[in-house]
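Please read all numbers here as calculations on a predicted model, not as lab measurements.
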Amino acid sequence: MGITKLLMVIGAHSWMRALACLTVVGSSSLAATAKDEAAAVAPTLACEIRYHFRERLEGAKADAKKFSAPAYEKEALPQSMVAANGAQSRLVQGRVAHLPYLFVIKLGAKSAGTLEVNILDGDGKPLDGYPQTIVHASAGAANPSRREFEIPINDAIRKSVEKTLLKKNQFLTSVSLTIAVDDDFLSRNFPKAR
């Protein structure tokens with residue numbers, strides 16, 4: 001039923017007409033408020049660990065290449081959640097099966113657009129080079145929706161990953177943390193970065 005028909009039915013009583021108008025105006029302002037709140041929600045972060053490797057090519061002739069092109073396997077970190085300090089910041093915290101580290105990634109915890117990355121060992125101590133903080137994380141990057149961080153590993157971790165994750169003749173070249181921010185958030189908050 002349209003608003004006009006509703007007003008004609010109610011038309012006999014002016015107080016009912018006023019109540020109907022207030023209901024319509026109130027519901028439209030609630031919809032506008034919900035839309036504003038949705039625009040203020042922090043972005044979604046997708047974080048994954050990438051295990052970069054190459055493969056020895058068996059049976060290659062002496063003058064042929066002996067290794068494959070670089071490739072990677074990946075493991076996802078848990079989904080991001082709204083951090084306790086407010087709707088404009090996101091937190092990813094968790095572990096993956098093949099590394100003995102705790103990953104803590106925060107976006108917007110100190111200020112909008114600030115990315116904080118920390119990787120902790122089994123004793124709770126940060127790895128060399130961490131924590132890292134990038135102010136305006138989306139500005140100035142070749143791909144503003146994605147950042148990559150090198151993860152230092154020792155020989156024991158390298159051998160463990162090669163044994164449990166990679167196949168025969170594949171060897172680990174590096175491990176990285178990749179963080180992706182949703183494009184809707186970037187276009188709303190960093191229009192020049194797009």
Side-chain angles (χ1 to χ4, degrees), residues 38-55 69-167 170-190 193-194:
V41 170
T44 300
L45 292 177
C47 302
E48 66 185 20
I49 306 303
R50 293 185 179 183
Y51 302 92
H52 302 270
F53 66 90
R54 299 199 71 174
E55 186 171 352
Y72 64 85
E73 292 286 340
K74 59 186 177 179
E75 285 184 292
L77 283 166
Q79 283 189 311
S80 64
M81 58 186 164
V82 175
N85 68 340
Q88 280 298 321
S89 61
R90 281 285 182 171
L91 171 68
V92 173
Q93 185 170 337
R95 299 177 183 275
V96 292
H98 295 93
L99 294 176
Y101 303 139
L102 173 65
F103 297 87
V104 181
I105 298 108
K106 299 175 187 175
L107 179 65
K110 291 184 179 176
S111 63
T114 299
L115 179 65
E116 298 173 57
V117 177
N118 202 357
I119 304 173
L120 307 169
D121 65 14
D123 296 328
K125 296 177 184 170
L127 297 183
D128 287 341
Y130 290 92
Q132 292 185 21
T133 301
I134 301 174
V135 180
H136 302 298
S138 299
N143 180 354
S145 66
R146 187 175 302 273
R147 287 285 181 159
E148 195 162 326
F149 299 86
E150 187 76 21
I151 300 172
I153 58 170
N154 59 31
D155 284 337
I157 293 172
R158 178 183 311 278
K159 287 176 185 176
S160 173
V161 169
E162 288 176 346
K163 182 178 179 182
T164 59
L165 181 66
L166 301 181
K167 296 175 183 155
Q170 293 178 340
F171 63 97
L172 192 65
T173 57
S174 65
V175 180
S176 63
L177 165 65
T178 302
I179 301 170
V181 180
D182 70 342
D183 287 333
D184 291 339
F185 171 79
L186 290 174
S187 61
R188 283 192 315 267
N189 295 290
F190 302 99
R194 301 301 306 145

Taking side chain as C-beta onward, heavy atoms only, is [X] less than 4.5 Å from [Y]?
| X | Y | value |
| --- | --- | --- |
| Glu150 | Ser174 | yes |
| Leu99 | Tyr51 | yes |
| Phe53 | Val161 | no |
| Tyr130 | Val117 | yes |

Side-chain donor/acceptor of [X] to backbone N/O of [Y], under 3.5 Å:
| X | Y | answer |
| --- | --- | --- |
| Asn154 | Ala156 | yes |
| Arg90 | Ser80 | yes |
| Glu75 | Ala97 | yes |
| Thr173 | His52 | yes |
| Arg158 | Leu172 | yes |

Asp128 atom CG, neighbour heavy-atom count above 12 within 6.0 Å: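 Open: at most 12 neighbouring heavy atoms sit under 6.0 Å from CG of Asp128.
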Enclosure of Gln79 CD (heavy-atom neighbours >12, cutoff 6.0 Å):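 Counting neighbours around CD of Gln79, 12 or fewer heavy atoms of other residues, nucleotides or ligands fall under 6.0 Å, so no.
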Got a second to check how far [X]'s [atom1] is from [Y]'s [atom2], nearest 0.5 Å?
| X | Y | atom1 | atom2 | value |
| --- | --- | --- | --- | --- |
| Arg50 | Thr178 | CZ | OG1 | 4.0 Å |
| Leu120 | Tyr101 | CG | OH | 11.0 Å |
| Leu45 | Leu77 | CG | CG | 10.5 Å |
| Glu48 | Glu148 | CD | CD | 9.0 Å |
| Ile179 | Ile105 | CD1 | CD1 | 5.0 Å |
| Lys106 | Thr114 | NZ | OG1 | 12.0 Å |

Nearest heavy-atom pair of [X] and [Y]: which atoms, and what distance?
| X | Y | answer |
| --- | --- | --- |
| Pro78 | Val92 | O-CG1, 3.4 Å |
| Ser176 | Ile151 | C-CD1, 3.7 Å |
| Pro70 | Arg54 | N-NE, 3.9 Å |
| Thr164 | His98 | OG1-CD2, 3.1 Å |

